[in-house]
Structure formats: structure tokens, C-alpha cells
Amino acid sequence: QVQLVESGGGLVQAGGSLRLSCALSGRTFSTFAMGWFRQAPGKEREFVGAISRSGGITGYADSVKGRFTISRDNAKNTMYLRMNSLKPEDTAVYYCAACAPDNTKVVRRSSQNYNYWGQGTQVTVSS
């Protein structure tokens, strides 16, 4: 059974940085393309970024491009989201998600493509 566990959330001032982690267990990590999504109060869940199975390809939402960086360490079964220059509008619960495409070079932007989800970690950015 695949399990995803996020960590690293917290309270940070605007302009600060955080690094989120997402650990996957239950299956071989490298078979999964991974993604980060977030959901703010009263809003729908939205795509943040994604990374291919090998880590060679990434994609980002326009709202975070240039500030957030996704990476993965297949040896550690872990994906990361480095968030710099945080803004109050980045406040949300952040979720990691996994899917298993045959193509090693795809990233998935739609939540409907993902089969497995973590429980979420809260990120709060104060102004």
C-alpha cells in the first residue's frame, strides 16, 4: 500500500523560505511521477508543481515559478519543495501526490491524474 507523508510546514514571515518533504513508502519511488498541490481556505485545490519519475523534468504553476523548486531523491524515496520569497497568498495546506505513468518524462498538472495523496502540511505566511 502506497503511503505519502509530508513534513516541513510551519509559520514563516513574508519573504522567508521553507522546504517541504514528501516521503513515499510501499512501492518503488522511481516508478512514480510526483506533484505538489495546495488548498487555501475557501478555495479549490490548485496545482503547484510536478516532477517526472527521473527528476529530469519539472513544471510549475505561474504563481510560483521562479520562487519554488521541486526536486527528488530516488535513493531516499523523497520529494522536496523548496519555497523561497514566500508571500501571504502562499498560505495553504500543501499536499503531495503520486501517479505511475509509463513515460518517465512526463509531469502531470491535473489532480485527477494522481492516485495517491498525502495528508497535507500547513504553510502559513504572515505579512
Side-chain angles (χ1 to χ4, degrees):
Q1 182 177 356
V2 175
Q3 288 190 319
L4 299 172
V5 178
E6 302 99 333
S7 60
L11 173 64
V12 63
Q13 288 188 331
S17 298
L18 281 175
R19 189 181 78 158
L20 305 183
S21 299
C22 172
L24 184 147
S25 62
R27 278 180 56 183
T28 304
F29 183 60
S30 60
T31 63
F32 291 96
M34 303 293 294
W36 286 100
F37 292 78
R38 67 186 182 186
Q39 187 167 19
K43 295 187 177 181
E44 293 187 354
R45 189 172 298 188
E46 66 174 0
F47 171 75
V48 174
I51 189 165
S52 62
R53 287 171 53 184
S54 65
I57 298 175
T58 55
Y60 299 92
D62 289 343
S63 59
V64 306
K65 198 172 296 182
R67 299 188 297 122
F68 290 11
T69 303
I70 293 176
S71 61
R72 65 188 294 162
D73 185 338
N74 285 352
K76 295 183 178 180
N77 297 344
T78 302
M79 173 181 65
Y80 305 97
L81 180 66
R82 178 67 180 183
M83 304 184 293
N84 294 329
S85 302
L86 282 161
K87 305 175 182 180
E89 51 264 43
D90 294 318
T91 295
V93 177
Y94 283 71
Y95 299 90
C96 67
C99 62
D102 292 333
N103 192 323
T104 62
K105 297 182 179 180
V106 298
V107 293
R108 303 294 191 192
R109 293 175 175 263
S110 171
S111 61
Q112 295 181 350
N113 292 127
Y114 290 86
N115 308 106
Y116 306 100
W117 292 83
Q119 82 288 350
T121 186
Q122 177 71 47
V123 172
T124 303
V125 184
S126 63
S127 58

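Note that the OH atom of Y94 and the CG atom of L81 stand 7.5 Å from one another [nearest 0.5 Å]. Rounding to the nearest 0.5 angstrom, the gap separating the OG atom in S52 from the CG atom in N103 is 9.0 Å. Summarising the geometry, atom OG1 belonging to T78 is positioned 12.5 Å from atom CG belonging to L20; distances are rounded to the nearest 0.5 Å.
No side-chain donor-acceptor contact under 3.5 Å links T58 to the backbone of I51. When atom types are taken as modelled, the side chain of R67 and the backbone of S85 share a donor-acceptor pair closer than 3.5 angstrom. No donor-acceptor pair under 3.5 Å is formed between the side chain of R109 and the backbone N or O of A50. Not a single donor-acceptor pair under 3.5 Å links the side chain of T28 to the backbone N or O of S30.
Between F37 and F47, the angle of the ring planes goes over 60°, which puts this pair in the perpendicular group of the 30/60° scheme.
A continuous path of ILVMFWY side-chain contacts below 4.5 Å connects V64 to L86, so both sit in one hydrophobic cluster. Linking Ile, Leu, Val, Met, Phe, Trp and Tyr residues whenever their side-chain heavy atoms come within less than 4.5 Å leaves V5 and L18 in two separate clusters. Hydrophobic clustering of Ile, Leu, Val, Met, Phe, Trp and Tyr side chains at less than 4.5 Å, counting indirect connections, keeps V93 apart from M79.
The only option from R82, K76, M83 that meets the side-chain contact (heavy atoms from CB on, under 4.5 Å) definition with Y80 turns out to be K76.
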Before you tell me yes or no, could you show the steps for K87 and D90 under salt bridge (charged side-chain N to carboxylate O under 4.0 Å, His left out), namely the whole-Å CA-CA distance, both residues' side-chain angles and the distance that decides it to 0.1 Å? CA-CA 5 Å; K87 305 175 182 180; D90 294 318; over 6 Å; no

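Counting heavy atoms from C-beta outward, R72 and F29 have side chains that approach closer than 4.5 Å. Side-chain contact between L4 and M34 is present, with heavy atoms from C-beta onward closer than 4.5 Å. Contact of the S111 side chain with the E44 side chain is not registered, since no non-hydrogen atoms from C-beta on lie closer than 4.5 Å.
With sequence neighbours left out, the side-chain hydrogen bond (donor to acceptor under 3.5 Å, both in side chains) criterion links Y95 to no other residue.
When all heavy atoms are compared, the tightest approach of R108 to P101 is NH2-CB, 3.7 Å.
The list of side chain to side chain donor-acceptor pair (under 3.5 Å) pairs with a residue in residues 113-127, not counting sequence neighbours, reads E6-Q119, Q122-T124.
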